[in-house]
Each structure stands twice: as structure tokens, then as C-alpha cells.
Amino acid sequence: METKTIQKTKETLQKTEHLTGSEAIVRCLLAEGVNVLYGYPGGAIMPVYDELYKYQDKIHHVLTRHEQGATHAAQGYARISGEVGVAIATSGPGATNLITGIADAQIDSTPMVCITGQVASHLLGSDAFQETDIVGISTPVTKWNHQITKASEIPEVMAKAFYIARSGRPGPVLIDITKDAQFEEFDFAYEKCTAVRSYKAVPETDEDSLKAAAKLINSAKKPLVVWGQGVILGEAEQEFKNFIEKAGIPSTWTIMGASAIPTEHPLNVGMVGMHGNYAPNILTNECDVLIAIGMRFDDRVTGNLATYAKQAKVIHFEIDPAEIDKNVKTDVAVLGDAKTSLAAILSLINKNEHPIRRRAFDDLYAIEYEKVIKNDLHPTKEGLTMGEVLKEINIQSKGEAAIVSDVGQHQMIACRYANFNQTKSNITSGGLGTMGFGLPAAIGAKMAAPEREVVCVCGDGGYQMTIQELGTIFQQRAAVKIVVLNNDFLGMVRQWQQLFFDKRYASTEMTNPDFVAIAKGYHLNARRVTKREELAEAVAEMMQSKEAYFLEVCVEKEDNVFPMIPTGASVSDIRLS
């Protein structure tokens, strides 16, 4: 026993180095495999930036033009890579500017570590210059947060931060570090975290729940699968495909689940939710078994809960026990990681095809095509539609591009009509609906996957919320393709005003600047399209460009996105016009 203790002490001493807190932070990042991070310097975080300067050959720091941009860029990086995104900022306003992105990452389960500087520990609580209680402010929107006041805490807290951010249901973690802790010297040694007491990242899958779920699936006459981002986060795409193909079940997705299987897969019946496809929404309230996989029954998916799938037995595959029975009562809960659970249930389910059920989806799709899709993709009117722009992007990208969308009408159109042949191809702000997400998230996505085409689709409203990140694109030479669908309106709000507020367009019409001139001011190639005959050539020029490219497409001012489920209505009340 004594010999083992001596040996362990010897190994620890061999790994120990005498460092400042700020250098220790950088060394922790390197130990966690971080090679790029996004941020904005300031006084309280300056010691860390000084160390980053010394490690430029190992960690690439991206200077965004706003701290919110740093968090969204880190999100984009995380969403397309599956790795933890990292953002860094100073105290006070620098730290508070991170909050929107942190909240977005929390509700969309994006793994992210945010590091903020803080005033010296002896000044805490004194209302010192640029002091804010960022731990208190961020508590509701983080998976975990912690304030460091002693340099010796840094290795353990940083290791724990990365473990919590990436494990189980991922999420954002914030670490606040006082300035004196950054200067303080200590004996540094780093060990990765593999477990945290009282935190169980992945619940064990119960064999009885698998058998009960399989029994319901095998006896179902009208089953329906609704999958969400849990399939992608769990890297369970192949297991999911094997499952639905063996069971032969029509499968529909939430916007966060899009791209887990290719758009053209015969069992992919489209999107559910407020602006989802007609068939899966209507047939949700006709299925006898509803199989939810890695989704949380968000209100935009369910509509009125009092009328949602009341006729169905509900099976919920879920990693987070807190989601079970939160919104929709579950008959069988299958807890665990989607990859493990779906693999485990495969041998228990029968081979099936459900041809009658699949024809019901085809029949309803035909109705939606005639009343909505045909007009969106093949319009006869003079003005350009958002749908035909997405159709042209599909043609030019062959469905291989990663589509990063902002929030609004264009987002719903992008989700509805973009073709996704690869997983992790639909990057958008789902739960929080953050306007301004698109442009900085596209930067992070492109830097994480430089070999992929990344197309950022924005509206004229959300685009202007983070338009300054064009400067980041220029400085980083990030070859992002930016498409602004300009209707001179805050289009989604305007649609609601038209349909539910007697066309009182209160504060939604935009007087926009010359977007092309602004893009050229940032040294980007840029073009504006106003006519249908210009569109194909312009999109081709954009997609063939080896550099960043800005394309403004002027679309119909008062086009609406249909289908649509009115707020508070049942999914069965979905409107086609």
C-alpha cells in the first residue's frame, strides 16, 4: 500500500509544472484538444490573452466583432464538429454579452465552454469597474458554472467543465476567473475528468423498457416516429436508420433533428411543427403508436397539448430523465443514449413495411404539393420566392452543403426545402429562436469543417443584428456563402400581423441599407438579384467562389410560409393557406 502511494506521488511530481493561472488555463485548453476559440479581449481577461499570444502556433484565437458573435461562432463550430466550442470574454459587459448565446446553447443542447475574466477577488461585491455577478446571471442558462478565485483550482474546474459540457445531454458551462487567480503561480498538473459525483451523464437502459417498447412497436398498425437532435448528438444516425428501415415506420423530424438521415430517404416524411409538413402533422393525431426519439415535445412541435396524440401509445427514447412526462405523458420511457438504445432494440422488433400507412403520407403530401410546395418552388407570379432560392442552392450544392440559417420565415423555408445528404447539415437556432445567430454560427461551422460548403441563409432583419461579423469573415478569410432573402420586412412577425392582427404592420417594415455596398466595404464579393432569370447564374457564381461571397435576393414582400399551425391550435388544425 505504501509503495503504491509513493509511486503515485512520484508520477504526480513528474507531471507538475510551476505556472501562472493564465498559462494553466491555456494548457488546460490544449489538454482538452482545443485548437480554436472565439472571443474578445478586455482588462479582466488580459493575462489569459497574453498567454494565448505565446501559444498562437497551437491555439487559433478568432477575434469576433461582438461577444455574442463569439458564442454563436462557438455554437456553429460545436454543431458541425461534435466537439466542445469555446468562447472567451472579459468581465462586466463582455461577460453579459455572452448570455444570449449561452441561453441558446442551453436550450439546443450545444456543448460549449465559456471563460470570463473577473475583477480581483478582493474587489468582489464592491461594485468595482466592470464587475458583474456573471455566475448569478448565467445560472439559469448554463448546465454548470463556477467562479475560480485561486489558481490552484484551475485544472480541476476546467477538466470538470469540459466533461460536463460534452457528456450526456450536452450544454454550455461558464467558468469565471478572477484576475488575481490568473496572475497567481502554483504547481500545475492536469488530469482529464471522467466522472463527477452525483452527476450521472447517461442513465442505464432498462431491458424491460426495451421489451415493452418493442411489444408496442410490433403490434402497431399506424406507427409514427418523431426524431430530434438526440439522434445527431448521440451519433446514432446509422442505428436510427437501421431501426426505421427494419420497422418500416414513416419518420418525421423536428428542425433540430433535420439531416440525421438524408432528405430523400423513403421513410423520411418531412418536418413536424408549426411550419412543418402537412402529412406528419395531420397523421400525428391518427397514429396508434408515437415513437419519440431524442426530442423534447416542444410546444412548436405539439401545438395544443390537450389535443396532441391523445389516441396514441407514446414511447419516448430519451437521455435526459427530466424530459420524460414533462410535456407529453409517456407509456414507455426508454432512458439512455440513443445509439445504445436503438442498437439494443433492433433485435426485438419485427421486420415490417406498413404500406397502407405510407400511402396515407403520400396522399397528404400530394395535397400539400398542389396547394403550397408547387407555388414555393415553381412560382408563376413575377416576384421571386424564398423557396425557389433554396431550390437553386440545392441544385448547385447537390444537397451536400451545410445550411446555417438565422431565425424567421427564411429559417422555416430553409428547413422545409434544403436537401440534406449528410448529417450535421442543418445548423439553426431552434429552442431560443435567436435572430443574429446565422452569420457568426456560419463562421464557426466553416472553420470546423473547411472542406464543406457552408451556406448562411438570413433574413434582412436578423442579418443586421450581427452584420458586424462580416469583419470576422474578412479577417479570417472564412469562405462562407451568405444569402440574404430580403423582403424589407420582419417577415415572420409581419405574417402573424397579417393573419391574426388585421394587417396592422406595427414596426415590422424595414428601411434597409445597401447590403451589397456594405459587403464590398468588408472586401467580400457581392451581388444583388432582383429577377428570376438572374438567380441560377448568381447562385452558381456564389457556389463556385473559393472565397466568401454575399448574395442578396430581393423576394416578394408579403409572401407567407405555409403550412402553419396557429398558436394554441391542434396539429390537426394546420392551415395550407
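Contact check on K339 versus E235 returns no salt bridge, with no Lys/Arg side-chain nitrogen under 4.0 Å from an Asp/Glu carboxylate oxygen. Salt-bridge annotation for E237 and K241: absent, with no side-chain N of the basic residue lying under 4.0 Å from a carboxylate O of the acidic one. Using a cut-off of 4.0 Å between Lys/Arg side-chain N and Asp/Glu carboxylate O, E368 and R416 are scored as salt-bridged. Using a cutoff of 4.0 Å between basic side-chain nitrogens and carboxylate oxygens, D559 and K381 are scored as salt-bridged.
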- Task: Starting from the C-alpha separation in whole Å, work towards a yes-or-no answer on side chain to side chain donor-acceptor pair (under 3.5 Å) for Q476 and H60.
- Result: CA-CA 10 Å; Q476 297 299 319; H60 178 50; 2.6 Å; yes
- Show your working on side chain to side chain donor-acceptor pair (under 3.5 Å) between N486 and N512 and close with a plain yes or no. CA-CA 9 Å; N486 183 7; N512 286 317; 3.2 Å; yes
- Check step by step if side chain to side chain donor-acceptor pair (under 3.5 Å) holds for T472 and E469. CA-CA 5 Å; T472 309; E469 299 306 333; 2.6 Å; yes
- Task: Give the intermediate values and the outcome of side chain to side chain contact (heavy atoms under 4.5 Å, CB included) for residues L224 and L283.
- Result: CA-CA 8 Å; L224 175 66; L283 295 177; 5.5 Å; no
- Item | Full working for salt bridge (charged side-chain N to carboxylate O under 4.0 Å, His left out) between R527 and E537 | CA-CA 11 Å; R527 182 170 176 176; E537 182 200 348; 3.6 Å; yes
- Task: In sequence, state the C-alpha distance, the side-chain angles, and the governing distance for N285 and S570, and then conclude on side chain to side chain donor-acceptor pair (under 3.5 Å).
- Result: CA-CA 9 Å; N285 278 0; S570 167; 3.3 Å; yes
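Judged purely by distance below 3.5 Å, without hydrogens or angles, the side chains of T254 and R296 never pair a donor atom with an acceptor atom. Counting only N and O atoms by type, the side chains of Q229 and S109 include no donor and acceptor under 3.5 Å apart. Counting only N and O atoms by type, the side chains of S425 and S259 include no donor and acceptor under 3.5 Å apart. In the model, D104 has no side-chain atom that pairs as donor or acceptor with a side-chain atom of T71 under 3.5 Å.
A heavy-atom distance below 4.5 Å is not found between the side chains of P379 and E556. No side-chain heavy atom of Q311 sits under 4.5 Å from any side-chain heavy atom of K222.
When atom types are taken as modelled, the side chain of Q495 and the backbone of V561 share a donor-acceptor pair closer than 3.5 angstrom. Remark: side-chain polar atoms of S251 are paired, donor with acceptor, to backbone N or O of I249 under 3.5 angstrom.
Aromatic pair Y463/F515: centroids less than 6.0 angstrom apart. F240 and F317 have their aromatic ring centers separated by at least 6.0 angstrom.
Residue pairs satisfying the salt bridge (charged side-chain N to carboxylate O under 4.0 Å, His left out) criterion with at least one member in residues 495-505, sequence neighbours excluded, are listed as follows: D502-R504.
Paired with E400 under the rule side-chain hydrogen bond (donor to acceptor under 3.5 Å, both in side chains), one option of N421, N394, N419 passes, and it is N421.
Put simply, CD1 on I319 and CD1 on I293 are 14.0 Å apart, with the number rounded to the nearest 0.5 Å.
Note that R477 lies in the cation-pi zone of F474, set by a 6.0 Å cut-off to the ring centre and a 45° limit from the axis.
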